[in-house]
Q: 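Pasting in a structure now, in structure tokens, and then I'll have a few things to ask.
In listed order, ligands and their atoms are each counted from 1. FYI, the numbering just counts along the sequence from 1.
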Amino acid sequence: MTAFPVKEFATLRTPFYYYDLALLRETLDTIQACLAEHPNYHVHYAVKANANPRILQTIAQAGLGADCVSGGEVLAARAAGIPASRIVYAGVGKTDEEINAALDEGIFCFNVESLPELEVINEMAARKQVVARVAFRVNPNVDAHTHEKITTGLEENKFGIDMTDLVDAIRQAEAMPHVAFEGMHFHIGSQIRDLVVYEHLCTRINELQDMLQQHGLQPRHINVGGGLGVDYDAPDAEPIPPFSAYFSLFARCLQLREGQELHFELGRSVVAQCGTLIARTTFVKCGHARRFVIVDAGFTDLIRPAMYGAHHFTQNLSAASDAATETYDVVGPICESSDVFSRDEVLPLTRRGDLIAFRSAGAYGEVMASTYNCRRLPEAHFSEN
Ligand code: LLP
């Protein structure tokens, strides 16, 4: 069990995110140890999962690149020390300002999601007399078997281009003097725990590569996106996701061509387990049918339960470990009925003032916080060792 410095927490204003930097470094070391076995593999950390400067700097120091989805993320990655040569930039709606800024930075690659976007990148690169490296995001129509709001690889959604349009898109890119076609990009969804899904993705990519070969085409790199999931139910049982199984699956199932590089965009699996949202119990309310633990964090601090029906492993850090238990609904203070962390949560008898920890909150937690209801954004604190 993770031991939290509860005494130290007593002096801090709640709610706040607490990041275990030692666990983050251990996670990054595990990734790097896997990559050492595959010199042609490259990991771009998906900045969208957590853009806290300390977290980004720690990731930059470990030598990972960045996967960005806005001009702001490109700048945050650069400010943290991630070299432009390791930045990929995706997104269906890149604005002129964002494309210009990314061209000025000289990023590694634009993950292009449509032909109109390709034309605009070509025009803007022409004005600057540069050549932009591009990869096409291809919709592989592989079911990620995950929550509908975070499935992206199925047909008919706003992301990427259709597989059947790929050759035509590459031909158009080749005819444009200021873009260089470099790769194919895929992303099938997030919080993927069943790795078999990635075998399906590999099969689809192998078929596409065969098809491209028949047209005399071979991308320099393949980018398989992110999506590796974490154990939200038992964060202490699996603090570091199964990276070795994940990378070796691609080594086994993906038929890379001579000289091809393989790129990954991992977000959640890098940062989820190192972060915890710490809240304080404001009131315990006993209704006729239910008991409520009302905490001072709400969906403005951690939106995943309200938005995706997610459950974060919940602990009362103030109660004695042998305390009697009770069943509660754990809720926030926001004036909306969706502001619920969990229902029927079994916790030690909880009192006003008790500290409550919502675990595995390092990914898509702090970064999705809002000031709705004129609330303060949560602060962040870090373990130093
Ligand atoms: N690459 C692309 C193109 C993506 O769209 C995403 C995530 C990633 C990489 C990183 O995926 P990861 O390794 O983190 O699964 N807010 C939601 C998750 C949204 C994911 C969006 N795209 C949540 O809290 O579950």
Side-chain angles (χ1 to χ4, degrees), residues 17 27-28 31 42-51 55 59 64-70 73-74 77 87-94 108-114 117 135-140 142 144-154 157-161 183-195 197-198 201 222-232 241-243 246-247 250 262-275 277 299 301-312 341 358-370:
Y17 276 88
T27 306
L28 293 163
I31 293 172
H42 304 273
V43 173
H44 306 267
Y45 164 66
V47 175
K48 64 175 82 65
N50 189 319
I55 300 286
I59 290 168
L64 264 53
D67 158 39
C68 301
V69 288
S70 71
E73 284 191 356
V74 172
I87 293 180
V88 294
Y89 176 20
V92 296
K94 302 177 185 82
F108 167 65
C109 193
F110 288 85
N111 289 333
V112 172
E113 312 236 9
S114 67
E117 180 192 335
F136 285 112
R137 176 161 180 179
V138 183
N139 197 332
V142 170
H145 298 298
T146 182
H147 192 278
E148 57 165 317
K149 284 195 184 155
I150 50 178
T151 292
T152 44
L154 282 173
N157 66 47
K158 68 177 179 177
F159 301 105
I161 63 170
M184 285 196 288
H185 174 226
F186 305 85
H187 176 75
I188 53 175
S190 198
Q191 183 53 14
I192 294 170
R193 292 284 288 163
D194 180 1
L195 295 185
V197 167
Y198 287 112
L201 174 63
I222 307 285
N223 181 334
V224 290
L228 178 63
V230 303
D231 191 340
Y232 280 102
F243 291 111
Y246 171 76
F247 289 114
F250 287 95
L262 185 56
H263 294 249
F264 301 85
E265 301 172 340
L266 295 173
R268 187 190 316 265
S269 53
V270 182
V271 291
Q273 299 294 34
C274 77
L277 175 66
F299 71 51
D301 306 290
L302 179 63
I303 203 169
R304 302 195 67 260
M307 193 155 176
Y308 314 108
H311 179 253
H312 288 255
F341 286 98
F358 299 98
R359 303 287 306 277
S360 315
Y364 308 109
E366 188 188 356
V367 79
M368 292 180 82
S370 75

Q: Should one rank E113, R304, H187, H44 by closest heavy-atom distance to atom 8 (C) of ligand 1, which comes out on top?
A: H187
Q: Is there a donor-acceptor pair closer than 3.5 Å between any side-chain N or O of Y364 and the backbone N or O of G267?
A: no
Q: Just which atoms of ligand 1 are under 4.0 Å from any heavy atom in L266?
A: 13 (O)
Q: Any chance you could measure F358, atom CZ, to Y17, atom OH, to the nearest 0.5 Å?
A: 10.0 Å
Q: Quick one: is the NZ or CZ of K94 closer than 6.0 Å to the six-membered ring centre of Y89, and within 45° of its axis?
A: yes
Q: Looking at ligand 1, does R137 have a heavy atom less than 4.0 Å from it?
A: yes
Q: With respect to G227, determine whether any N or O atom, backbone or side chain, lies less than 3.5 Å from an N or O atom of ligand 1.
A: yes
Q: If the cut-off is 4.0 Å to any non-hydrogen atom of G267, which atoms of ligand 1 fall inside it?
A: 12 (P), 13 (O), 14 (O)
Q: Is it the side chain, the backbone, both or neither of F159 that has a heavy atom closer than 4.0 Å to ligand 1?
A: neither
Q: Output the list of atoms in ligand 1 that are nearer than 4.0 Å to some heavy atom of G226, sorted by atom number.
A: 9 (C), 13 (O)
Q: Heavy atom to atom 9 (C) of ligand 1, shortest distance: which of R268, H185, E265 holds it?
A: E265
Q: Between H187 (side chain only) and G226 (backbone N and O only), is there a donor and an acceptor less than 3.5 Å apart?
A: yes
Q: So, the side chain of E73 versus the backbone of A46: is there a donor-acceptor pair under 3.5 Å, distance only?
A: no
Q: Apply the side chain to side chain contact (heavy atoms under 4.5 Å, CB included) test between V270 and each candidate in I55, I59, N50; give the one that qualifies.
A: I59
Q: Going by the order shown, which atoms of ligand 1 are within less than 4.0 Å of some heavy atom of D67?
A: 1 (N), 9 (C)
Q: What part of M307 sits under 4.0 Å from ligand 1 if we count only heavy atoms: the side chain, the backbone, both or neither?
A: neither
Q: Identify, by atom number and element, the atoms of ligand 1 in contact range of A46, meaning under 4.0 Å from any of its heavy atoms.
A: 10 (C)
Q: Between Y364 and ligand 1, does any nitrogen or oxygen pair lie at a separation below 3.5 Å?
A: yes
Q: Quick check against the 3.5 Å criterion: does H312 have a side-chain atom that pairs as donor or acceptor with the backbone of R359?
A: yes
Q: Between E265 and V43, is there a donor-acceptor pair closer than 3.5 Å when you use the side chain of the first and the backbone of the second?
A: no
